[in-house]
Number of protein chains: 2
Amino acid sequence: MTPQTIKVACSNCNLRELCMPVGLLPSELDRIDDIVATRRKVKRRETLFHSGERFTSLYAIRTGVFKTRVATEDGRDQVTGFQMAGEIIGLDGIVNDHHTCDAVALEDSEVCVMPFDRIEELSREITSLQRHVHQIMSREIVREHGVMLLLGGMRAEERLAAFLLNLVQRLHARGFSRSELVLRMTREEIGSYLGLKLETVSRTLSKFVTDGIIEVDNRHVRIVEPGALHHIVTPAVC
Amino acid sequence: MTPQTIKVACSNCNLRELCMPVGLLPSELDRIDDIVATRRKVKRRETLFHSGERFTSLYAIRTGVFKTRVATEDGRDQVTGFQMAGEIIGLDGIVNDHHTCDAVALEDSEVCVMPFDRIEELSREITSLQRHVHQIMSREIVREHGVMLLLGGMRAEERLAAFLLNLVQRLHARGFSRSELVLRMTREEIGSYLGLKLETVSRTLSKFVTDGIIEVDNRHVRIVEPGALHHIVTPAVC
DNA sequence: CGGAGGGTTGACCTTCCTCAATTATTGTGG
DNA sequence: CCACAATAATTGAGGAAGGTCAACCCTCCG
């Protein structure tokens with residue numbers, strides 16, 4: 001390591017407004033730097049952790065996109081989420097000291113490894129970190145409520161519209177376009193997440209194109225009529 | 001309050017093996033008693049908290065059963081869970097200081113009110129409490145993964161079989177029968193939770209009865225062939 | 001250039017939903 | 001305590017949404 005090596009640190013990370021350090025004072029920021037023990041690169045299709053593996057750390061995504069999935073013995077699986085830069089994964093492992101889902105990189109990615117006992121140690125001292133950890137877990141619970149609403153009651157068009165709006169909103173929060181996005185996942189993975197078959201995802205996207213709501217070129221999607229998507233998710237309140 | 005009044009306390013609560021005090025030393029138990037500020041009775045159909053309300057406390061269920069539900073503007077709603085004695089509700093409120101779901105009592109119930117800032121305060125001092133709070137939240141995340149699997153990929157019979165097995169297993173952990181249960185919720189509420197219409201719930205229960213897997217007398221269910229239910233949830237692994 | 005993985009589209013079928021009628025149960029006021 | 005209303009549950013018939021199976025195309029790579 002040369003003296004010029006940029007220190008692995010939250011304090012100079014451009015994701016600090018989205019990630020672990022949210023709401024911390026500068027003095028506290030220095031201390032949270034200690035949490036990030038190492039970084040780890042994960043290549044496309046590789047897993048960051050998998051079900052059954054011992055839980056040691058939470059991971060903050062620095063670059064790239066992941067999917068998390070749970071599986072049953074009989075081979076079915078369900079994508080439980082797609083995570084991008086600044087988001088925290090691994091929370092499932094806390095309860096039984098073992099992960100209960102897989103995290104798979106959808107593109108070459110990098111994460112910050114945050115040993116959980118260090119997080120607990122530090123959050124005993126830094127109140128705002130403690131609060132933030134609680135908020136991250138609560139946010140995940142609330143997000144999953146939203147997915148349950150989607151899976152439990154919405155029709156295919158509604159699910160897909162909600163999915164696209166959610167993705168583009170999160171990308172926009174990261175400085176990307178409000179109307180264009182590149183899907184990092186296959187139609188099958190989208191379908192698994194939304195409780196649909198890949199053919200239905202494909203057909204529904206085609207229908208949106210026909211209706212002039214979006215433009216699709218393979219993985220590239222342009223949202224032409226965001227209002228129409230919103231309208232599909234929230235039918236007219238007459 | 002007469003001297004004979006039983007103190008509101010975890011240390012003499014018969015749910016302490018299931019609830020907040022799990023894994024605490026006797027000396028720590030005394031301190032956690034301070035968390036439980038008050039108890040609160042909630043009558044059937046009344047809400048413990050509702051969406052939009054300011055978040056102040058977590059609630060440990062002492063007696064009774066609750067449902068939690070999220071709602072959309074256009075009137076649809078989704079039951080996100082059924083909670084019983086020893087379980088903690090209110091975690092959804094942490095992230096934005098406001099609740100995002102309703103908690104409704106399905107029968108006359110009583111909860112222990114645990115102000116969240118007291119929990120945070122104490123869990124800075126008591127490591128095992130800190131860990132336990134994290135586990136409770138992680139458990140909820142993992143539970144919701146299971147619901148997503150159910151909603152995303154299973155058919156009606158599988159959903160209902162999984163539901164019955166889950167209920168009876170939790171009741172058994174509380175000292176009730178391994179094979180008999182009383183449904184505290186309507187067919188419609190079950191349907192909402194499972195992403196099915198009430199007619200489908202009713203029909204599927206009837207089919208289980210015809211197949212000799214269960215016996216149903218209105219809200220009372222007797223599981224005659226638990227193996228068959230398991231087999232429905234996990235199709236033969238050939 | 002050729003193969004594998006990913007995506008689209010069509011035809012048909014299954015599952016579950018919708019609508020409706022009927023019965024059972026629970027709750028309430030006289 | 002009974003009668004009646006309101007709520008909950010069952011069951012049937014018909015229909016719609018999405019699944020299944022299959023053929024075909026595209027595109028990205030080695």
Side-chain angles (χ1 to χ4, degrees), chain A residues 43-45 65 67 75-79 104 106-108 150-164 182-211 214-221 232 235, chain B residues 43-46 65 67 75-76 78-79 104-108 150-164 181-211 214-221 232 235:
Chain A
K43 284 215 164 327
R44 191 158 117 88
R45 288 170 213 270
V65 179
K67 68 172 175 185
R76 283 185 287 196
D77 68 350
Q78 168 77 25
V79 171
V104 183
L106 297 181
E107 59 183 21
D108 294 356
L150 185 145
L151 291 173
M154 293 187 177
R155 282 170 314 99
E157 289 186 25
E158 300 173 311
R159 295 184 198 198
L160 209 52
F163 173 73
L164 291 174
V182 175
L183 300 171
R184 252 65 239 217
M185 65 295 287
T186 66
R187 304 290 192 263
E188 185 168 25
E189 288 164 333
I190 296 172
S192 172
Y193 181 57
L194 299 179
L196 302 170
K197 293 292 152 183
L198 67 95
E199 294 94 331
T200 305
V201 173
S202 183
R203 266 186 256 272
T204 307
L205 285 175
S206 298
K207 176 164 189 309
F208 286 170
V209 172
T210 305
D211 295 351
I214 62 175
E215 290 166 7
V216 176
D217 178 15
N218 201 24
R219 299 276 180 106
H220 189 104
V221 177
I232 288 169
Chain B
K43 283 217 166 326
R44 190 159 119 86
R45 289 171 212 270
E46 287 181 359
V65 179
K67 69 172 176 185
R76 284 185 286 197
Q78 168 76 25
V79 171
V104 183
L106 298 181
E107 58 183 19
D108 293 356
L150 185 145
L151 291 173
M154 293 188 177
R155 283 169 315 100
E157 290 187 23
E158 299 174 311
R159 295 184 197 197
L160 208 53
F163 173 73
L164 291 175
L181 64 154
V182 174
L183 301 171
R184 252 64 242 218
M185 65 293 287
T186 66
R187 304 290 192 265
E188 185 168 26
E189 287 164 333
I190 297 172
S192 172
Y193 181 59
L194 299 178
L196 302 170
K197 293 293 153 183
L198 67 95
E199 294 95 329
T200 304
V201 173
S202 182
R203 267 187 255 273
T204 307
L205 285 175
S206 298
K207 177 165 188 309
F208 286 170
V209 172
T210 305
D211 294 351
I214 62 176
E215 290 166 6
V216 176
D217 177 16
N218 199 24
R219 299 276 180 104
H220 189 104
V221 176
I232 288 169

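The structure presented is a predicted model; accordingly, all values stated were derived computationally and were not measured. Basis for what follows: all heavy atoms, side chains included, without hydrogens, waters or symmetry-related copies. Below, chains carry the letters A, B, ... as their sequence lines are ordered, and counting in each starts from 1.
- The nearest heavy atom of DNA chain C to B/Arg219 and to A/Leu205 marks one nucleotide each, and the one closer to the 5' end goes with A/Leu205.
- Side-chain contact between B/Ile190 and B/Val79 is absent, with no heavy-atom pair separated by less than 4.5 Å.
- Counting only distance, with no hydrogens or angles, the side chain of B/Thr204 and the backbone of B/Thr200 share a donor-acceptor pair below 3.5 Å.
- Rounded to whole angstrom, the span from the CG atom of B/Leu106 across to the P atom of C/dT26 amounts to 16 Å.
- Going from atom NE2 of B/His220 over to atom P of C/dT25 covers 14 Å, rounded to whole Å.
- Comparing the helix axis at one end of the helix from C/dC1-D/dG30 to C/dG30-D/dC1 with that at the other, each defined from 5 consecutive pairs, gives an inter-axis angle of 50° (nearest 10°).
- In terms of phosphate contacts, B/Ser202 brings no side-chain nitrogen or oxygen within less than 4.0 Å of OP1 or OP2 of D/dT11.
- For B/Glu46, there are no side chain to side chain donor-acceptor pair (under 3.5 Å) partners two or more places apart in sequence or in a different chain.
- Qualifying side chain to side chain donor-acceptor pair (under 3.5 Å) partners for A/Asp211, counting only residues two or more places apart in sequence or in other chains: A/Lys207.
- Taking 4.0 angstrom as the limit, B/Thr186 places none of its side-chain polar atoms (N or O) nearer than this to OP1 or OP2 of D/dT7.
- In this entry the distance linking NZ of B/Lys207 with P of D/dG12 reads 15 Å, nearest Å.
- Between A/Gly195 and A/Leu151, the shortest heavy-atom contact is N-CD2, 3.6 Å.
- With rounding to whole Å, B/Glu158 atom CD is found 14 Å from C/dT14 atom C1'.
- Distance CZ (B/Arg184) to C1' (D/dT7): 18 Å, rounded to an integer number of Å.
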| remark: Protein heavy-atom contacts under 4.0 Å, written 5' to 3' over nucleotides 14-30 of chain D as B (base), S (sugar-phosphate only) or - (none), form the string ----SSBB---------
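- The backbone N or O of B/Glu199 sits nowhere less than 3.5 Å from a side-chain atom of B/Arg187 that would complete a donor-acceptor pair.
- B/Asp108 places a side-chain N or O within 3.5 Å of a backbone atom of B/Arg44 that can act as its donor or acceptor partner.
- A sub-4.0 Å separation between OP1 or OP2 of D/dA9 and a side-chain N or O of B/Arg187 is present.
- Every side chain to side chain contact (heavy atoms under 4.5 Å, CB included) that A/Arg155 has, sequence neighbours left out, goes to A/Glu158.
- Listed by chain and number, the residues in a salt bridge (Lys or Arg N to Asp or Glu O under 4.0 Å) with A/Glu107 are A/Arg184 (sequence neighbours excluded).
- As rounded to whole Å, 17 Å separates atom C1' of C/dT9 from atom CZ of A/Phe208.
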